[in-house]
**Student:** 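Dropping the structure in here first, questions after.
Order of the sequence lines fixes the chain letters, A, B, ..., with proteins taken first and strands second; residue numbering starts at 1 for each chain. Because the structure is predicted, anything quoted here is derived from the model rather than measured. All heavy atoms count here, side chains included; hydrogens, waters and symmetry mates do not.
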Amino acid sequence: MNPRSEERYNVRETEAKWQAIWEERQCFHARDDDPRPKYYVLEMFPYPSGRIHMGHVRNYTLGDVVARYKRARGFAVLHPMGWDAFGLPAENAAIERGVHPAIWTRENIAAMRTQLKSMGLSYDWSRELATCEPAYYRHEQKMFLDFLKAGLVYRKESWVNWDPVEHTVLANEQVIDGRGWRSGALVEKRLLNQWFLKITAFAEDLLKGLESLDRWPDRVRLMQENWIGRSEGLRLFFDLVDRDDRLEVYTTRPDTLFGASFCAIAANHPLAGELAKTNPDLTAFIGVCNRMGTSEAALETAEKKGFATGLTARNPLVEGQELPVYVANFVLMDYGTGAIFGCPAHDQRDLDFARKYGLPVTPVVAAKDVDPASLVIGTEAYVEDGVMINSGVLNGLPVADAKARVIDLMEDRGVGQRAINYRLRDWGVSRQRYWGCPIPIIHCPQCGVVPVPAEDLPVILPEDVTFDKPGNPLDHHPTWKHVACPQCGKAARRETDTFDTFFESSWYFARFCSPTETERGFTRAAADRWMPVDQYIGGIEHAVLHLLYSRFFTRALKVCGYLSVEEPFAGLLTQGMICHETYKDADGHWLLPTDVDKRADGSAIEIDGGRPVVLGRSEKMSKSKKNVIDPAGIIATFGADTARLFMLSDSPPERDLDWTDSGIDGAFRYVNRLWRMVVDPAVNLPAPGTACPADFGPTAKKARSQTHKTVALVGEDLDRFHFNKAVARIRELSNVLAEIPATDDGAGWALREGLETLARLIGPMMPHLAEELWSALGQTTLLVDSGWPEADPALLVEDSVTLAVQVNGKLKGTVSLAKDVDTETAQAAALALPGVAALLDGKPPRKVIVVPNRIVNVVV
RNA sequence: GGGGGCGUGGCGAAAUGGUAUACGCAAGCGACUUAAAAUCGCUCGACUUCGGUCAUACGGGUUCAAGUCCCGUCGCCCCCACCA
């Protein structure tokens, strides 16, 4: 036995060795003056929570394969990594464990950086950034002030989710079933002064821009389209009877104006507030509306409720008609004008409301062939298309024409105008939090809102704060908020709110272009050099928020002269989640996979105590369900390459991936198999660089053809991110190479060619193993520097092909023919097949279809 | 309620409208071994009278040909949601 085969592939030593060599030689350093075409690949940067999880492993493996592949293909690759380091968990750690958020965050970054490095990721670490450092966030304070100057920022009182226990605003996604996600307290609506970024100014542009993003998943584009929610309709005024005032309403159904039977305004509508001043019952009703739950269940069961204000409004289209005005719980202040007219016959909510309060229900649209007289609206509104009835001048018009006619009429009379409305709302960026970027504003009793002068930037977050009281520590700080007004010099107060953490992640991709720039975040030259990101990779959960904010932010930066592009991410890959089986004990408590012993029959018991375990379905790995596997243990045991291979091989990247122990075992077996194939080859290999022999035996010849075909196919697969297929093809090649008999002419040469190719093809996926194999094969260069193999076109063409032969579309056999034979030859060969001849029974076929090199279909 | 996606062996999955089930996992059998692990080899959709026949959730349709395109049904998943 060859003594070397007794050695085992030493994962730890080998991976550490190559990581050190790559780092020492700065293999992944991106140079701004590199003349080759650029390729910017970026993965969504992590929040430094303390440890990496499997989702990170998948995300960064995918990105690293793309980066290493593009590098091999001759691109100047920018592949950076950083930390989305502001955020709530750091404050929670401070409250719960007494650690300062800055210390907690920096320690987590250090720990996670070590973990990421153990994965062998090809980052340019010289560009690393952390958003919690003043060197980073100072620039976004400047950007905010530039946006303010450009009219893209404003301050407004708005209704927010207020957690009365934590004394802070919550984002919508932090409100679960109407309660604060941490405190569990019922969330209230509060009117608060907040800073807003005018994302709605770009609504149309953000919508249009989606069309150009042809390398984004359709799903994400559609989600953003729905989120922006463009609608076309009419804004019109209803005069209020006996009041010198009118009510502005937005509708997408101006055609149904003849069927109107009431108007309704939101509880937070200014008119409701005014009326409530003299009406305690209305005040109470508004209070009820503001406390109303916003959970799915609450909305489903919530009754339509209204409060008759006693006011009436004149229907601008129907002479003499007066409609009662209600305050209604189902009208939203922040969509349209916060006021509607109700047409019960053709809107389900309006119908529910009308039935409850005994309001008239007049159908004004009927399906084309329905007799209007027989039309009865019961408990279901008619929302389909049709023709106008009961509508005076509109009668007989199709809905679309009636809409246009009413809009024209209202515009002519000056009581309304065509309007486009968006569901998208301006981005409120104020948070009553400590661990975030301070908003660079000073409030002066004399001068009002005063921006911090550029020369006083950055406004640095003070570190000497306490977390013993609820609310924002910046508010409790004894000195920090007290400053002199930059304009009048008198005592003034700093803004103590900080930015939403989506602010930092909205421009970090540009910062990576010139991470040490001190003047304005990044130089225009560097941004022009590297932007846009050619391939962005991350979770689908950011389909709207982060990706939409970043698209807006990039446009705003362009307006302010920072960069030239509008779209930050030219290509987007959204990866699926990592799932794992779930386990519960008899009492219904979740169990960790490490506490469970799976048995051969599929059942499972608790390792400690042996009680039976209830197996649950595979679900997204989460701490709450305890179905998590720590990547650190996997990497320590099996190595980074095994973990990476597993992440790539079982499912396409956009699909969810089931973690299985047997899957990781299989990947590890393959890593070792490849290693053995090289260090202990079945056939003696010629020296590297030996000239190609003139003749090859049949199997060696086939193997060579397979080698070159695999090069071509794996390249296509990687171009399309079909990593699972690339892995399958590589495995196929190794299966073929293992079959070459030593007796074949040129066997050793064909095997060396195959193994060298294999090493290069696995380079992006299993980089440590690839380097190890490359060097074991006697190569003296680094594999990362050796480019991508080229397929020999001569070896890609087959001289013979197998054609399927069908009769009436059913497979009856195959024939082997020379490639590209003429139709007649193929047809004759097919008809000569015994099975085919028998079915024909001597008669000529009705028709024969020949698809060259593929199939012959005989129709009888 | 609105929008979108998916349904292929025991499992993860392949398949420009053209030989369905590549590649892997699990399982079974065998070799090596005192034994186990590791490794290597073979079998592996269903039924079969061994000629074949039937299988891509279900029912229709288009086509010489459908997992793939169209219509409908069922099931699962995701996103948004009193958006006027």
**Student:** Any idea which of B/C40, B/A15, B/C23 is nearest the A/Arg676 side chain?
**Tutor:**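 Between B/C40, B/A15, B/C23, the one nearest the side chain of A/Arg676 would be B/C40.
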**Student:** Provide a list of protein-nucleic acid N or O atom pairs under 3.5 angstrom, restricted to nucleotides 64-67 of chain B.
**Tutor:**
from  : atom 1 : to       : atom 2 : distance (Å)
B/C64 : O2'    : A/Asn857 : ND2    : 3.0
B/C64 : O2     : A/Asn857 : ND2    : 2.7

**Student:** Tell which nucleotide pairs with B/C40, taking only Watson-Crick or G-U wobble pairs whose two distances are both under 3.5 angstrom.
**Tutor:** B/G30
**Student:** Please list, in numerical order, the residues of residues 710-720 of chain A that have a heavy atom closer than 4.0 Å to any atom of RNA chain B.
**Tutor:**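 Result for residues 710-720 of chain A: none.
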**Student:** Round to the nearest Å and state the distance from A/Leu817 atom CG to B/U19 atom P.
**Tutor:** 16 Å
**Student:** Using nucleotides 4-11 of chain B, report all nitrogen or oxygen pairs with the protein that are shorter than 3.5 Å.
**Tutor:**
none

**Student:** Look at all strands and tell whether A/Asn672 reaches a base, only sugar-phosphate, or nothing, counting heavy atoms closer than 4.0 Å.
**Tutor:**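 Contact class for A/Asn672: none.
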**Student:** Between protein and nucleic acid, restricted to nucleotides 41-47 of chain B and to nitrogen or oxygen atoms under 3.5 Å apart, what atom pairs and distances do you find?
**Tutor:**
none

**Student:** Using a heavy-atom cut-off of 4.0 Å across all strands, would you classify A/Ser649 as base, sugar-phosphate, or nothing?
**Tutor:**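 Here A/Ser649 touches no strand at all.
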**Student:** Would A/Phe646 and A/Phe668 count as a close aromatic pair, with their ring centres under 6.0 Å?
**Tutor:** no
**Student:** In whole angstrom, give the distance that lies between atom CG of A/Asn735 and atom C1' of B/A14.
**Tutor:**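 Computing the A/Asn735:CG to B/A14:C1' distance gives 15 Å.
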**Student:** Test for a donor-acceptor pair under 3.5 Å between the base of B/C82 and the side chain of A/Lys304, counting only N and O atoms.
**Tutor:** yes
**Student:** Which nucleotide sits closest to the side chain of A/Asn226: B/C83, B/A13, B/G3?
**Tutor:**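 Selected nucleotide (nearest to the side chain): B/G3.
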**Student:** Starting at atom CD1 of A/Ile540, determine the distance to atom P of B/C78, rounded to an integer number of angstrom.
**Tutor:**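 Interatomic distance, CD1 of A/Ile540 to P of B/C78: 13 Å.
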**Student:** Syn or anti for B/G51, please, going by whether the chi angle lies within 90° of 0.
**Tutor:** syn
**Student:** Please list, in numerical order, the residues of residues 659-669 of chain A that have a heavy atom closer than 4.0 Å to any atom of RNA chain B.
**Tutor:** A/Ser662, A/Gly666, A/Arg669
**Student:** In whole angstrom, what separates A/Leu733's CG from B/G24's P?
**Tutor:** 12 Å
**Student:** Is the phosphate of B/A84, meaning OP1 or OP2, less than 4.0 Å from a side-chain N or O of A/Asn421?
**Tutor:**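 Indeed not, no polar side-chain atom of A/Asn421 lies that close.
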**Student:** Just the rounded figure in Å: distance from P of B/A22 to NZ of A/Lys709.
**Tutor:**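 One finds 17 Å between P of B/A22 and NZ of A/Lys709, rounded.
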**Student:** Among B/G18, B/A14, B/U19, which is the nearest nucleotide to the side chain of A/Leu811?
**Tutor:** B/U19
**Student:** Using a strict heavy-atom distance below 4.0 Å, which residues from residues 338-350 of chain A are in contact with RNA chain B?
**Tutor:**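 Within residues 338-350 of chain A, the residues near RNA chain B are A/Ile340, A/Arg349.
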**Student:** Between A/Phe353 and A/Phe262, does the ring centre distance come in under 6.0 Å?
**Tutor:**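 Under 6.0 Å, so yes.
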**Student:** What's A/Asp352 touching, base or sugar-phosphate or nothing? Going by heavy atoms closer than 4.0 Å.
**Tutor:**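 A/Asp352: no heavy atom of the nucleic acid under 4.0 Å.
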**Student:** On the nucleotide B/U53, are OP1 or OP2 found under 4.0 Å from the side-chain N or O atoms that A/Lys812 carries?
**Tutor:** yes
**Student:** Using the ring-ring contact (aromatic ring centres under 6.0 Å, His included) definition, which of the options A/Trp675, A/Tyr670, A/Phe638 pairs with A/Tyr9?
**Tutor:**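 By the ring-ring contact (aromatic ring centres under 6.0 Å, His included) criterion, A/Tyr9 pairs with just one of A/Trp675, A/Tyr670, A/Phe638: A/Trp675.
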**Student:** What does A/Val331 touch in the nucleic acid at a heavy-atom separation under 4.0 angstrom: a base, only the sugar-phosphate, or nothing?
**Tutor:**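 A/Val331: base contact, heavy atoms under 4.0 Å.
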